[in-house]
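See structure below.
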Amino acid sequence: MKIGVFDSGYGGLTILKDIRKRLPQYDYLYLGDNARNPYGSRSFEIVYEFTLQAVKALFQRECHLVILACNTASAKALRSIQQNNLPSLGPTKRVLGVIRPTVEVLPDFTHSKHVGLLATPGTVKSNSYSLELQKLAPEVKITEHACPMWVPIVENNEIESPGADYFVKKEIDNLMNKDPDIDTVVLGCTHYPLLENKIRKYLPETVKILCQGPVVADSLADYLQRHPEIESKLSKGSSIKYLTTEHTEKFDSLASLFLGKAISSHTISIPD
Ligand code: DGL
C-alpha cells in the first residue's frame, strides 16, 4: 500500500516535498489533475466530483491512504467524500486533508489571537477555516482573504516579475487593513510557499508566516503513529511516482520549479 497525494495541479508538490522529507521511508504516488485545474474558482459540486474521481483513481492504484494536498479540495470535497463515499468505497480506506492539521497548530503560533488566511476564492468562500477554528479554538479570530491572481502568477513562472510584487503587496495590504492586529498569516494555498519571499517583504516584520507543508507532514507522522493498523500495511521502498491528467512534458517542466529538481511523470485519464 502506498500513500497517495492529490492536488488539482502542481501545488501539492510543495506539500509532498515536506511529507517526503519527514517520512522518506514510504512509497508515494502523486496525482495532479492539471488538465482540469485550477480548482480555486470552481463550484462546490465540480470540485467534489473531480476530487472524488481522483481519490478513486488513487484507490485503484494501491493508495488506500490519500492526502488531499489541496486546500480547495480539502475545503469543498473532503467532508462529503468522508461522509458519503468512503463507507461504500471501503471502510479501511482513508482520505485526509490539509485544513484541520493547519488549524490545530494555529493557537500555538498566535499571541494576539488574530490570524489572517490567504487562500483561493474557493477556499475563502467555503468558510472551512473559520468553521474548523470555531470547533477547535474559538478564541482565535481569523480574517480570510482571497488572492485570485497568485496561483496564475506562480503557474506562469512570473514569481520574480514586478507584477508579482504588485499583486502580493496589494493583497497583503488589503488583509492587514481588514485586521491590523493579525500576528500570524496562514498560506492557505499550495502555491503560496513559492511566493514566500515576496510575502515576507510586504508583511510587517512582526507577523509570522505559517506554511502548511511541515505542519501536514508532522500531522501525518502523528496519524501513522496512532494508527499502526494502517502504518503496518504501507510499503517502505522510498519511491515516488508522478501522475498527471495533462501531457507529461508540460507537467515535468513546471513540476521542476516546485520541487527544485527534474522529474518524469505519466499521464492518466480520470475517470479511467
Ligand atoms: N491547489 C489549490 C489550493 O491549494 C490551488 C490551485 C487551484 O486553484 O487549483 O487551493
Side-chain angles (χ1 to χ4, degrees), residues 4-19 30-55 58 66-79 81 95-103 116-130 132 142 144-159 164 167-168 171 185-196 199 209-217 219 242-246 250-251 254-255 257-259 270:
V5 178
F6 169 69
D7 182 49
S8 56
Y10 304 99
L13 294 168
T14 60
I15 306 275
L16 175 76
K17 203 170 159 184
D18 283 310
I19 291 179
Y30 181 88
L31 172 58
D33 192 7
N34 303 80
R36 304 190 293 190
N37 83 334
Y39 281 13
S41 46
R42 288 191 186 273
S43 68
F44 174 90
E45 289 76 15
I46 293 292
V47 173
Y48 174 30
E49 184 189 330
F50 287 1
T51 305
L52 179 59
Q53 289 168 356
V55 165
L58 286 166
V66 173
I67 314 298
L68 301 185
C70 172
N71 281 272
T72 309
S74 297
K76 293 187 162 186
L78 178 62
R79 183 121 320 172
I81 291 175
V95 183
L96 308 172
V98 290
I99 295 179
R100 197 184 166 97
T102 308
V103 169
L117 173 79
L118 299 166
T120 65
T123 299
V124 169
K125 224 185 202 163
S126 75
N127 264 328
S128 298
Y129 276 88
S130 300
E132 209 62 54
I142 190 161
E144 306 195 22
H145 186 73
C147 311
M149 291 304 290
W150 289 14
V151 167
I153 286 170
V154 173
E155 297 237 333
N156 290 292
N157 203 357
E158 292 288 341
I159 295 168
F167 282 109
V168 170
E171 305 304 5
V185 165
V186 179
L187 304 189
C189 171
T190 50
H191 286 56
Y192 298 176
L194 277 90
L195 291 167
E196 193 182 344
I199 296 168
I209 296 176
L210 177 57
C211 284
Q212 292 180 300
V215 172
V216 172
S219 167
Y242 299 93
L243 304 176
T244 173
T245 53
E246 247 293 357
K250 193 167 173 217
F251 182 84
L254 206 56
L257 175 73
F258 282 83
L259 290 168
I270 50 172

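Residue indices begin at 1 and follow the sequence shown. Start at 1 and go down the list; that is how both ligands and their atoms are numbered.
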Nearest non-hydrogen protein atom, atom 10 (O) of ligand 1: Thr72 OG1, 2.6 Å
Donor-acceptor side-chain pairing of Asp33 and Gln53 below 3.5 angstrom: no
Backbone or side-chain N or O of Asn71 under 3.5 Å from ligand 1 N or O: yes
Where ligand 1 meets Asp7 - atom numbers and elements under 4.0 angstrom, heavy-atom basis: 1 (N)
Side-chain (Glu144) to main-chain (Ser130) donor-acceptor, under 3.5 angstrom: yes
Atoms of ligand 1, numbered as shown, that sit under 4.0 Å from any heavy atom of Tyr39: 7 (C), 8 (O), 9 (O)
Centroid separation Tyr10 to His191 less than 6.0 Å: no
Residues which pass side chain to side chain contact (heavy atoms under 4.5 Å, CB included) with Leu78, listed by chain and number, not counting sequence neighbours: Leu68, Gln82, Val95
Where ligand 1 meets Ser8 - atom numbers and elements under 4.0 angstrom, heavy-atom basis: 1 (N), 2 (C), 6 (C), 7 (C), 9 (O)
Main-chain N/O of Ala35 paired with Thr245 side-chain donor or acceptor, under 3.5 Å: yes
Test of proximity, Thr190 against ligand 1: N or O pairs below 3.5 Å: yes
Option of least heavy-atom distance to atom 5 (C) of ligand 1 (set: Gly11, Gly40, Cys189): Cys189
Neighbour count above 12 (heavy atom, 6.0 Å) for Arg79 CZ: no
